[in-house]
Q: 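One structure follows; several queries about it will come next.
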Amino acid sequence: MAEPATGVQLAGSGELVAEPGPSSTEAREPATGVQLAGSGQLVAEQGPPSTGGREPATGVQLAGSGELVAEPGPSSTEAREPATAEGTSGLGQQVTKQGHPSTGEMEPATGVQLAGSGELVAEPGPSSTEARENTEEANTMGQTANEDHFDWDKYLKETGSISAPSEYFRQSKTPPTNEFKIGMKLEARDPRNIDSVCVASVIGITGARLRLRLDGSDNKNDFWRLVDSSDIQPVGTCEQGGDLLQPPLGYTLNTSSWPMFLLRVLTGSELAPAVFFKEEPPRPLQNNFIVGMKIEAVDRKNPFMICPATIGAVCGDQLHITFDGWSGAFDYWCDYDSRDIFPVGWCRLTGDVLQPPGKIVEKRPRR
């Protein structure tokens, strides 16, 4: 089995290049403190590896030309064909174009590619092991003839549904602006080890969200965060609080290389200004969602996608999210205050891309 890339090396040209390292299934123990000479930066030194780990998500690789290119990851049991975004304006304002429906087995989208023109497009990945469920004709609810724009008002009327009120969500009433730029450095919690705060790079931007990669990690563990997430903070926050910057889970280079590696990736880098980080909205006091309400939700199997979804079930503080027009393979449970769910119209307000519903004809939920 090939060894995944686990390190990141900053070359003289400023290029970010993946370095091969031991298997990403190895984990590590919490790091010990190391003082960087001359910088005053308090960082962590990695301890010996331990067992454990999981199969990583797909990532994006920064090529020598500065172009962001999506890399395919492991195939899932099902995948959806995304809408593409043609052109950008302002802070990621985009115009959506629906992907072509296919029949039988299809290739899943595994990443986003930022072309030199600034165009944000979806890129297909490897073939899936199962064909997704589909019907003879595409589900065109919410869309008008010769038009790809998704009309929530029309869709709600056609399905006899209601949208969940915005105050039910843990989202800002006015969506935050996204002022980040590709390549900026920040501090972020490692999603695979939430007790660790690491240095991360912005490698993708869409709407109010950032695609992040932990420096020193491989390119198969990228993740998305909102600009008002409490999981991200300016570089230097850890040091000010007396905490340690940790190497990411999967950093398996020589232990003594971590302090110099961190110094190397931060030296000369553009640090995201503190004013770019927004305060996280408060948690709603209780779960007011009811079955059948319509929302917009992140597809956790393809987390760069936001899709029309329905509250399929409510159990205490938990919600069962189902995606309109898609089989249950994409469903998931989440807390009612999850940052992965949004009120109807969120994508339009933030300039993110709302994927159209799938091809399975909409059925009214059981109450």
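The structure presented is a predicted model; accordingly, all values stated were derived computationally and were not measured. The first residue of the sequence shown is numbered 1, and numbering continues consecutively from there.
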Q: Using side-chain heavy atoms (C-beta onward) and a distance below 4.5 Å, is Arg192 in contact with Asn221?
A: yes

Q: Taking side chain as C-beta onward, heavy atoms only, is Ile203 less than 4.5 Å from Asn219?
A: no

Q: With Asp231, which residues qualify under salt bridge (charged side-chain N to carboxylate O under 4.0 Å, His left out), at least two apart?
A: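 Per chain and number, Asp231 pairs via salt bridge (charged side-chain N to carboxylate O under 4.0 Å, His left out) with Arg225.
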
Q: Applying side-chain contact (heavy atoms from CB on, under 4.5 Å), name anything that partners Ser166, two or more places apart in sequence or on another chain.
A: Lys173, Pro343

Q: Strictly by modelled atom types, are Ser230 and Glu280 linked by a side-chain donor-acceptor pair under 3.5 Å?
A: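 Judged by distance alone, the side chains do pair up.
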
Q: Please enumerate all residues that pass side-chain contact (heavy atoms from CB on, under 4.5 Å) together with Leu271, with sequence neighbours excluded.
A: Lys185, Val235, Leu266

Q: Go through the structure and list residues passing side-chain hydrogen bond (donor to acceptor under 3.5 Å, both in side chains) with Tyr336, not counting sequence neighbours.
A: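 If we apply the side-chain hydrogen bond (donor to acceptor under 3.5 Å, both in side chains) test to Tyr336, skipping adjacent residues, the hits are Arg283.
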
Q: How are the rings of Phe342 and Trp346 set to each other: parallel, tilted or perpendicular (split at 30° and 60°)?
A: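 Rings of Phe342 and Trp346: parallel, as their planes differ by under 30°.
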
Q: List, one per line, each side-chain donor-acceptor pair under 3.5 Å for residues 316-323, sequence neighbours excluded.
A:
{"residue": "Gln318", "atom": "NE2", "partner": "Asp335", "partner atom": "OD1", "Å": "2.3"}
{"residue": "Thr322", "atom": "OG1", "partner": "Thr310", "partner atom": "O", "Å": "3.3"}

Q: A side-chain contact here means heavy atoms from C-beta on lying under 4.5 Å apart; do Gln355 and Asn302 qualify?
A: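 Side chain of Gln355 against side chain of Asn302, heavy atoms only: no contact under 4.5 Å found.
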
Q: Would a distance-only check, ignoring hydrogens and angles, find a side-chain to backbone donor-acceptor pair under 3.5 Å from Asn178 to Arg209?
A: yes

Q: Checking Arg189 now: which residues fulfil salt bridge (charged side-chain N to carboxylate O under 4.0 Å, His left out) with it, not counting sequence neighbours?
A: none

Q: Side chains of Pro284 and Phe289, heavy atoms from C-beta outward: is any pair under 4.5 Å?
A: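 Pro284 does not reach Phe289 side chain to side chain.
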
Q: With sequence neighbours left out, write down each residue that passes side-chain hydrogen bond (donor to acceptor under 3.5 Å, both in side chains) with Gln286, or none if nothing qualifies.
A: Asn288

Q: Roughly how far, to the nearest 0.5 Å, is the SG atom of Cys307 from the CD1 atom of Ile295?
A: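 Going from the CD1 atom of Ile295 to the SG atom of Cys307 covers 10.5 Å.
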
Q: Between Tyr155 and Asp324, does any side-chain donor sit less than 3.5 Å from a side-chain acceptor?
A: yes

Q: Could you check whether any side-chain heavy atom of Ile341 comes within less than 4.5 Å of a side-chain heavy atom of Val298, counting everything from C-beta outward?
A: no

Q: Just jot down the ring pair (Phe, Tyr, Trp, His ring centres under 6.0 Å) partners of Phe180, sequence neighbours excluded, or say none.
A: Phe276, Phe277

Q: How far apart are the closest heavy atoms of Ala208 and Pro176, and which atoms are they?
A: CB-O, 3.8 Å

Q: Just by modelled atom types, is the Leu249 backbone N or O under 3.5 Å from a matching donor or acceptor in the Asn193 side chain?
A: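 Pair absent, no side-chain N/O of Asn193 close to backbone of Leu249.
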
Q: Which residues pass the side-chain contact (heavy atoms from CB on, under 4.5 Å) test with Pro165, sequence neighbours left out?
A: Glu167, Tyr168, Met293

Q: Using the test side-chain hydrogen bond (donor to acceptor under 3.5 Å, both in side chains), find all partners of Ser172 that sit at least two apart in sequence or belong to another chain.
A: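 Ser172 satisfies side-chain hydrogen bond (donor to acceptor under 3.5 Å, both in side chains) with Asp228 only.
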
